[in-house]
Engineer: 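The structure under discussion is supplied below as C-alpha cells; questions concerning it will follow.
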2 protein chains.
Amino acid sequence: MSLKYGILGFLSKWEATGYDLKKEFDDFMSIFWHSHLSQIYPELGRLEQEEYITSCLLPQTGKPDKKIYAITDKGKQELITWLLSPPEAPKLKDSFLMQVSFMDNIPASEVIFQLKAYQKEREQRLAKMKHIFQERWESIRERNVMKSRILMSSAVVRRGLEQEIQYIRWCRDTIELVESCSALWSQDTDKSDLPEGEYIRFSDVEPLFRKYYGNLMED
Amino acid sequence: MSLKYGILGFLSKWEATGYDLKKEFDDFMSIFWHSHLSQIYPELGRLEQEEYITSCLLPQTGKPDKKIYAITDKGKQELITWLLSPPEAPKLKDSFLMQVSFMDNIPASEVIFQLKAYQKEREQRLAKMKHIFQERWESIRERNVMKSRILMSSAVVRRGLEQEIQYIRWCRDTIELVESCSALWSQDTDKSDLPEGEYIRFSDVEPLFRKYYGNLMED
DNA sequence: GCTGACATGTAACCCGTTACATGATTCC
DNA sequence: GGAATCATGTAACGGGTTACATGTCAGC
C-alpha cells in the first residue's frame with residue numbers, strides 16, 4: 001500500500017506526471033522504494049477517482065500530451081494521517097543474504113566469486129547515490145535556504161549511504177573470512193564417518209570469529 | 001521466486017514439515033525472509049509435484065498427522081544452480097524511510113515521536129536476534145565441531161545484527177538532529193512571502209549537517 | 001473456560017512484474 | 001539505421017497477505 005503514499009508524498013511538494021514520478025522512483029526515492037510505470041499509471045487513476053489528486057492535460061507538439069497531477073486537500077489529509085500512523089514493522093526480504101546462508105552447498109571459490117559480484121553491485125549503487133546526493137547538496141547550497149523538507153530528505157540520504165557503505169564493508173570482511181576458512185569446504189563434503197580428530201574444531205576458529213564479530217557480541 | 005529457494009535451502013540440511021519451516025522463517029531466517037503458512041503449504045505442494053522434494057506421512061495421535069518433507073537430488077541441483085546464478089540487484093522497500101522523507105508535513109514533535117517508536121521496534125528486533133544468536137553460539141560451542149554451514153550462517157547473523165544496530169543509531173542521531181532544528185517546522189508552514197531575512201539560511205545549519213553526516217561525504 | 005502450540009490446508013484479494021502496444025524526436 | 005528519451009497506457013501472470021476452516025491437547 002505504500003506506492004500510494006510515495007505518490008502523495010511527492011505531489012505534496014511538486015506537481016508531476018506519471019513519467020516524472022517514475023524518474024523520481026529511480027532517482028532519489030530509490031533509496032527506499034521503486035516502481036514500474038505500468039503500476040504508477042493505474043495507481044494515479046485510482047487516486048484521481050478517489051479525489052486525492054487532480055489532473056490537468058497539457059497538450060504538446062512533437063511529444064505526447066502530458067497529464068500533470070496535483071494533490072488535493074483530501075489527498076494531503078490522507079498523507080498526513082498515514083505519516084502520523086504507527087510505523088510498520090520492517091519486513092526484510094534480502095534474497096542475496098538468503099543465497100549466502102545456503103552457500104555451504106557450493107565451493108568456497110564460488111562463494112567468494114558471488115560475494116565479490118554483489119559487492120561490486122552495491123558499490124555501483126553507492127556511487128549513484130553519492131552522485132544524487134552531491135547534486136542536491138550543491139543546489140541547496142546555492143539557494144542557501146533551509147527547510148524542514150531538506151532536513152528530512154537529508155536524513156534519508158544519510159541512511160541510504162550508511163546502508164550501502166556497511167553492506168560493502170560486510171562483503172569485504174566476509175570474503176576475508178571465507179578465504180581464511182576455505183578448508184572447511186573440503187572437509188565437509190560428506191565423508192561422514194571420519195574419525196573425530198579429522199574435523200576442524202569450533203574452538204580452533206573461535207578467535208577468528210571473535211575478530212569477525214568485533215564488538216557486536218557484547219551486551 | 002525466493003520462497004522456493006528458502007525452502008530448498010533449509011531442506012538441504014534438515015527434513016521438515018510446513019509448520020517447521022514457518023517457525024524457521026520466524027526465527028533464524030527472519031534475518032532475510034518471511035512467509036505465511038498459507039503460502040508455504042501450496043509452495044511445498046508445487047515443489048513436490050516438480051520432484052524437488054518428497055514427503056512422507058507420519059501419523060500422530062492427539063496431534064494432526066505430520067507431512068515430513070525431504071529434498072531430492074533434483075531439488076539439490078536446482079538449489080545449487082540458483083546459488084551459482086548472479087545475485088539479484090537489491091530492491092529496497094522501506095516504508096518507514098518513505099514516511100520519514102515526507103515528515104516535513106507533520107510537526108517536529110510528531111516526527112520525534114515516530115522516530116522513537118520505530119527505534120523501539122528495531123531495538124526489540126535486535127534483542128530477539130541476539131537471543132537467537134546466543135542460543136546457536138552456545139550449542140555450537142558445546143558440540144565443538146566447525147562446518148562451512150556454521151560459517152555462512154554466522155556471516156548472515158553478523159549482517160543482521162549490524163543492520164539493526166546501525167538503524168537504531170541512525171534513529172538516535174536523527175532524533176537529535178530534528179530536536180536541534182525544530183525551528184524549521186514553525187518557519188515553513190507556508191507564509192511564503194516573508195522577507196528574505198526571515199528564513200533560516202542553509203549556511204546557518206551547515207556545520208550541524210557536516211557533523212550529522214560524519215565522514216560519509218568524503219570520497 | 002480460554003489461550004496458545006501443534007498441524008494442515010483453501011479462497012479471495014491485492015500488489016507488483018513482465019510483456020505488449022503506440023508513436024514522435026533526438027543523438028550516435 | 002538503431003538506441004534512448006519523452007509520454008501514455010492495457011493485459012496477463014505471479015507472488016504475497018488476509019481471512020476462512022478444522023481439530024486436539026497442554027497449561028493457566
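Any value given below was found using the heavy atoms of this structure, including those in side chains, with hydrogens, waters and symmetry copies removed. A, B, ... follow the sequence lines: proteins, then strands. Residue 1 opens every chain.
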Engineer: Rounded to the nearest Å, what distance is computed from the CZ atom of residue A:Phe25 to the C1' atom of nucleotide C:dG16?
Structural biologist: 13 Å
Engineer: Heavy atoms only, 4.0 Å cut-off, all strands: where does A:Gly18 land among base, sugar-phosphate and nothing?
Structural biologist: sugar-phosphate
Engineer: Can you tell me how the ring of B:Trp137 sits relative to the ring of B:Phe133, calling it parallel under 30°, perpendicular over 60° and tilted otherwise?
Structural biologist: tilted
Engineer: In whole Å, I'd like the distance from the OH atom of A:Tyr5 to the P atom of C:dG16.
Structural biologist: 13 Å
Engineer: Please determine if a side-chain N or O atom of B:His34 lies less than 4.0 Å away from the OP1 or OP2 oxygen of D:dT17.
Structural biologist: yes
Engineer: Check for me whether the distance between the ring centres of A:Tyr167 and A:Tyr118 falls short of 6.0 Å.
Structural biologist: yes
Engineer: Going by the side chain to side chain donor-acceptor pair (under 3.5 Å) test, name the single residue among B:Lys67, B:Glu48, B:Glu15 that passes it with B:Ser55.
Structural biologist: B:Glu48
Engineer: Could you state the atom-to-atom distance from CE of B:Met1 to P of D:dG15 in whole Å?
Structural biologist: 4 Å
Engineer: To the nearest 10 degrees, what angle separates the axes at the start and end of the helix from C:dG1-D:dC28 to C:dC28-D:dG1, five pairs each?
Structural biologist: 40°
Engineer: Whole-Å distance between D:dG14 P and B:Lys4 NZ?
Structural biologist: 13 Å
Engineer: Classify the side-chain pair A:Gln119/A:Glu123 by whether it contains a donor and acceptor separated by less than 3.5 Å.
Structural biologist: yes
Engineer: How do A:Trp33 and B:Asp65 order along DNA chain C: which one's closest nucleotide is nearer the 5' end?
Structural biologist: B:Asp65
Engineer: Between B:Arg169 and A:Glu162 (salt bridge meaning N to carboxylate O under 4.0 Å), is one present in this structure?
Structural biologist: no
Engineer: Less than 4.0 angstrom between a side-chain N/O of A:Lys22 and OP1 or OP2 of D:dA7, yes or no?
Structural biologist: no
Engineer: Is the distance from OP1 or OP2 of D:dG15 to the nearest side-chain N or O of A:Lys93 less than 4.0 Å?
Structural biologist: no
Engineer: From NZ of B:Lys66 over to P of C:dA5, roughly how many Å is that when rounded to an integer?
Structural biologist: 16 Å
Engineer: Could you tell me how far apart A:Tyr41 (OH) and C:dT17 (P) are, to the nearest whole angstrom?
Structural biologist: 17 Å
Engineer: Check whether the side chains of B:Tyr5 and B:Glu78 place a donor and an acceptor atom closer than 3.5 Å, and report yes or no.
Structural biologist: yes
Engineer: Salt-bridge test for B:Arg159 and A:Asp94: reply yes if a basic N is under 4.0 Å from a carboxylate O, no otherwise.
Structural biologist: no
Engineer: Respond yes when some side-chain nitrogen or oxygen of B:Lys67 is under 4.0 Å from OP1 or OP2 of C:dG9, and no when none is.
Structural biologist: yes
Engineer: I'd like to know if A:Arg141 pairs up with B:Glu206 as an ion pair, taking the criterion as any Lys NZ or Arg NE/NH1/NH2 lying under 4.0 Å from an Asp or Glu carboxylate oxygen.
Structural biologist: yes
Engineer: Could you tell me the separation between the OH atom of B:Tyr69 and the P atom of C:dA7, rounded to a whole number of Å?
Structural biologist: 14 Å
Engineer: Counting just side-chain N and O atoms, does A:Gln60 come under 4.0 Å of either OP1 or OP2 of D:dA7?
Structural biologist: yes
Engineer: Measure CG/A:Leu58 against C1'/D:dC6 and give the value in whole Å, please.
Structural biologist: 13 Å
Engineer: Determine whether the aromatic ring centres of A:Phe209 and A:Phe202 lie less than 6.0 Å apart.
Structural biologist: yes
Engineer: Do any N or O atoms of the protein come closer than 3.5 Å to N or O atoms of nucleotides 18-27 of chain C, and which pairs are they?
Structural biologist:
from	atom 1	to	atom 2	distance (Å)
C:dT18	O4	A:Ser38	OG	2.6

Engineer: Is there a side-chain contact between B:Leu126 and B:Arg122 (heavy atoms, below 4.5 Å)?
Structural biologist: no
